[in-house]
**Student:** 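Before we start, here is the structure in question, set down as structure tokens.
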Amino acid sequence: MHKNWIDLTGELSVALREVRGGAPDVMKGFSAIAQAALKANALDTKTKELIALAISVATRCDGCIGFHAEAAVKHGATRDEIMETMGMAIYMGAGPSVMYAAQAVEAYDQFAQKKAAAEAANSAVR
């Protein structure tokens, strides 16, 4: 494993709370942009998260990869969809995007495994 993406996003979430507290108006504006951008219209939210993941790879943003890989899992993205998305990211971002694409797939796999484990635990409780 190259990185623990679940820990990375957890740690960033703590740091982001500090930013929200220190720049609340800016972060409220950013949150409003995110909500508007991700709202399902002509494209569903899963597709938008896949686009965001590709952009995260092309711009080489580790935190963005983590959060958008997690969101892609939550919105039902398949591993095949992730792989096609990584193909587009590589096409748009060249060699460095190949390295980040591998990390995005790793992040997706970790979050998918976490979701499957939670679902298994929930069904065992029932």
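All residue numbers refer to positions in the sequence shown, counting from 1.
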**Student:** On a heavy-atom basis, which atom in Met86 and which in Ala104 lie closest, and how many Å separate them?
**Tutor:** SD-CB, 3.5 Å
**Student:** So for atom NZ, which belongs to Lys115, do other residues, nucleotides or ligands contribute more than 12 heavy atoms lying within a distance under 6.0 Å?
**Tutor:**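 Yes, enclosed.
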**Student:** Same hydrophobic cluster for Tyr100 and Leu12, using side-chain heavy-atom links shorter than 4.5 Å among ILVMFWY?
**Tutor:** yes
**Student:** Heavy atoms, side chains only, cut-off 4.5 Å: are Lys46 and Glu81 in contact?
**Tutor:** yes
**Student:** Find out whether His75 and Thr47 are in side-chain contact, i.e. whether some heavy atom of one side chain is under 4.5 Å from a heavy atom of the other.
**Tutor:** no
**Student:** Can you check whether His2's main-chain N or O pairs, donor with acceptor, with Glu106's side chain at less than 3.5 Å?
**Tutor:** yes
**Student:** Atom CG in Leu38, atom CD in Glu49: separation rounded to 0.5 Å?
**Tutor:** 5.0 Å
**Student:** For the residue pair Val105 and Arg79, establish whether any side-chain heavy-atom pair is separated by less than 4.5 Å.
**Tutor:** yes
**Student:** Determine whether His68 and Ile51 make a side-chain contact, defined as any pair of heavy atoms from C-beta on separated by less than 4.5 Å.
**Tutor:** no
**Student:** Where do Leu53 and Ala69 come nearest, in terms of heavy atoms and distance?
**Tutor:**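 The answer is CD1-N, 3.9 Å.
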**Student:** Applying the 4.5 Å side-chain criterion to the ILVMFWY set and letting contacts propagate, would Met92 and Val98 be lumped into a single cluster?
**Tutor:**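 No; Val98 is not reachable from Met92 via cluster members.
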**Student:** Let me confirm one number: the CG-CZ distance from Leu16 to Phe67, rounded to the nearest 0.5 Å.
**Tutor:**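 If I round to the nearest 0.5 Å, the distance is 5.5 Å.
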**Student:** Taking all atoms of both residues into account, what is the closest heavy-atom pair of Leu50 and Thr85, and its distance?
**Tutor:**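 Here Leu50 and Thr85 meet closest at O-CG2, 3.0 Å.
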**Student:** Report the residue from Val57, Leu8, Ile55 that forms a side-chain contact (heavy atoms from CB on, under 4.5 Å) with Ile65.
**Tutor:**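 For Ile65, the side-chain contact (heavy atoms from CB on, under 4.5 Å) check succeeds only for Val57.
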**Student:** Closer than 3.5 angstrom, by distance alone: can the side chain of Lys48 be matched with the main-chain N or O of Ala37 as a donor-acceptor pair?
**Tutor:**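 Side chain of Lys48 to backbone of Ala37, a donor-acceptor pair under 3.5 Å: yes, one is there.
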**Student:** Between Thr9 (side chain only) and Trp5 (backbone N and O only), is there a donor and an acceptor less than 3.5 Å apart?
**Tutor:**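 Confirmed, Thr9 side chain pairs with Trp5 backbone.
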**Student:** To check you understand the geometry: which heavy-atom pair defines the closest contact between Ala77 and Tyr108, and what is its length?
**Tutor:**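 Nearest pair, atom of Ala77 first, then Tyr108: O-OH, 2.8 Å.
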**Student:** Do Ile82 and Ile6 belong to the same hydrophobic cluster, where Ile, Leu, Val, Met, Phe, Trp and Tyr are linked whenever their side-chain heavy atoms lie under 4.5 Å apart, directly or via other members?
**Tutor:** yes
**Student:** Please name the pair of heavy atoms, one in Arg60 and one in Gly93, separated by the smallest distance, quoted to 0.1 Å.
**Tutor:** NH2-O, 3.3 Å
